[in-house]
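One structure is given here, and the rest of the page talks about it.
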Number of protein chains: 2
Amino acid sequence: MPLDDDTARTRLLDTAEDLFYARGVQSVGMDEIRGGSGVSLKRLYALYPAKEQLVEAYLGRRDLRWRGSLAAFVAAVDNPRDRVLAVFDWLGDWFREPGFRGCAWVNGYGELGATSAVVARLAREHKRAFAGQLAELVSAAGLPDALAPQLFLLAEGAMVSAAVLDDPGQADHARAAAAALVAAS
Amino acid sequence: MPLDDDTARTRLLDTAEDLFYARGVQSVGMDEIRGGSGVSLKRLYALYPAKEQLVEAYLGRRDLRWRGSLAAFVAAVDNPRDRVLAVFDWLGDWFREPGFRGCAWVNGYGELGATSAVVARLAREHKRAFAGQLAELVSAAGLPDALAPQLFLLAEGAMVSAAVLDDPGQADHARAAAAALVAAS
DNA sequence: GGTACCGGAGAACGCACGTTCTCACTCGGA
DNA sequence: TCCGAGTGAGAACGTGCGTTCTCCGGTACC
């Protein structure tokens, strides 16, 4: 039974996401993605004619999933002010997941931002979208707009340092700082 | 006149730093470093027997220079409390330098952290050292110890978002947040 | 039953690059 | 002057990998 395009795409993106996130883009060969997904090279190149397009699809799908997961988590919190802080609880949960290795877009920017305009753009767009999510939460909580970019920096700092220092507890520092900023505003 | 080892090393590290920082490690070939430095491949491999050792030397020298530059900048500020905030002024100056492309260790972690234990360790050590510098400034200003990791997150967030968003103004948000945290403590 | 297409497996190609080797040259010392 | 150790230029080697090509078995349709 031949694989239809949709499931082939899903399997490819699942494998690509696992491998690219865990090891970086350049150290994962197309052949390894073929092996992991069970999709033939011919099919792979029919669906994604170049590696960069597979990377683009991987980051695009992950962006939807990542922001959707965050949105669902904070939506479950009642108090609008608590929703702002819940962002950092969500980060802490994420940092503790096995295989956590930082932000896929920051890692991608570090690896390919200088050589791939596509990756640089996707990273910028993802960060802008995340900053927008925070701005909405801040606004809905009746907090001053100026708070949002500050919370954004705390979240970014937490992601990067949780990864580099291999310390999920960075989320707690970020949460404490965010609470102090909220209280002071 | 043959090049003595010290100047050969310096030229190699200068070239390596320019290229590795600007484009990432993997997209710069040893031959390009030879060309840029004017040091022959044979000499290059005599001084650094493998690319990873050149990367290690590059990151090591940059660490000393980076932290030294920060320390010198804040040391020139009189008031101990202003010294803490001066960190963010220094970051802003750095972000505005041409060729700024984020934190070399974060970029290196994203690119090679999963495949090179050396790079992962150097990134961790550098971040720990930077966090230590902040902790000393906070302590010298008579501020509570708990503030230091929070300022660290703001600084990390500023570096990452200034790079990815291509917006040096992120330093201002970080400075404002830092001032609020200092004031609230 | 034949035949023309489709998809999969994987070999092949071309190139880039880390590392090593060759070879001719220089220069200090007997 | 001769010799040999060290140096630089760059060719060569081996490997990995992105991409394409070949071949073959199956399957749908006449």
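It should be emphasised that the depicted structure is a prediction, and the values quoted were computed from it without experimental measurement. The figures here come from the full heavy-atom set of this structure, side chains too, leaving out hydrogens, waters and symmetry mates. Every chain is numbered from 1, with letters handed out A, B, ... down the list of sequences.
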Handout entry: Closest-nucleotide ordering on DNA chain D, the 5'-leading residue of A/Lys42 and A/Ala50
Key =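 Mapping each residue to its closest nucleotide by heavy atoms, the 5'-most match is A/Ala50.
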Exercise for the section: Can you tell me which residue pairs pass the side chain to side chain donor-acceptor pair (under 3.5 Å) test with a partner in residues 140-165 of chain B, sequence neighbours excluded? Expected result: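 Counting only pairs at least two positions apart or across chains, the side chain to side chain donor-acceptor pair (under 3.5 Å) contacts touching residues 140-165 of chain B are B/Lys127-B/Glu156, B/Ser161-B/Gln170.
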Practice task
State, to the nearest 10°, the angle formed by the axis through the first five base pairs of the helix from C/dG1-D/dC30 to C/dA30-D/dT1 and the axis through its last five.
Solution key: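 Result, rounded to 10 degrees: 30°.
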Handout entry: Inter- and intrachain pairs under ring pair (Phe, Tyr, Trp, His ring centres under 6.0 Å), touching residues 8-59 of chain B, at least two apart
Key =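 Found B/Phe20-B/Tyr58.
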Problem - B/Leu59 side, atom CG; B/Leu112 side, atom CG - distance, nearest 0.5 Å - result: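 Reported to 0.5 Å precision, the distance equals 9.0 Å.
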Handout entry: Minimum side-chain heavy-atom gap B/Leu54-B/Ile33 below 4.5 Å
Key =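 In short, these two side chains touch, coming nearer than 4.5 Å.
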Could you give the [atom1]-to-[atom2] distance, from [X] to [N], as a whole number of Å?
| X | N | atom1 | atom2 | result |
| --- | --- | --- | --- | --- |
| B/Gln53 | C/dG18 | CD | C1' | 13 Å |
| A/Leu47 | C/dG8 | CG | C1' | 14 Å |
| A/Leu54 | D/dT19 | CG | P | 10 Å |
| B/Leu44 | C/dC17 | CG | P | 15 Å |

Practice task
Taking ring pair (Phe, Tyr, Trp, His ring centres under 6.0 Å) as the test, write out the residues that go with B/Phe95, two or more places apart.
Solution key: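 In terms of ring pair (Phe, Tyr, Trp, His ring centres under 6.0 Å), with neighbours along the sequence ignored, B/Phe95 is linked to B/Phe100.
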Anything under 3.5 Å between a donor and an acceptor, one on a side chain of residues 128-143 of chain A, the other on a protein residue two or more places apart or in another chain? List them.
from: A/Gln133; atom 1: NE2; to: A/Arg67; atom 2: O; distance (Å): 3.2

Practice task
Classify the nucleic acid contact of B/Lys51 as base, sugar-phosphate or nothing, counting any heavy atom under 4.0 Å across all strands shown.
Solution key: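 If one applies the 4.0 Å heavy-atom cut-off, B/Lys51 turns out to touch the sugar-phosphate alone, with no base involved.
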Problem - From D/dT19, C/dT20, D/dA9, nucleotide with atom closest to A/Leu41 side chain - result: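 Looking only at side-chain atoms, A/Leu41 lies closest to D/dT19.
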Handout entry: cation_pi(A/Arg101, B/Tyr109) dist<6.0 Å, angle<=45
Key =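 Pair A/Arg101/B/Tyr109 counts as cation-pi.
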Exercise for the section: List in numerical order all residues of residues 17-35 of chain B for which some heavy atom is under 4.0 Å away from an atom belonging to DNA chain C. Expected result: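 Only B/Val28, B/Gly29, B/Met30 qualify.
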Handout entry: SB check A/Arg11 A/Asp14 (cutoff 4.0 Å)
Key =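 A/Asp14 and A/Arg11: not salt-bridged.
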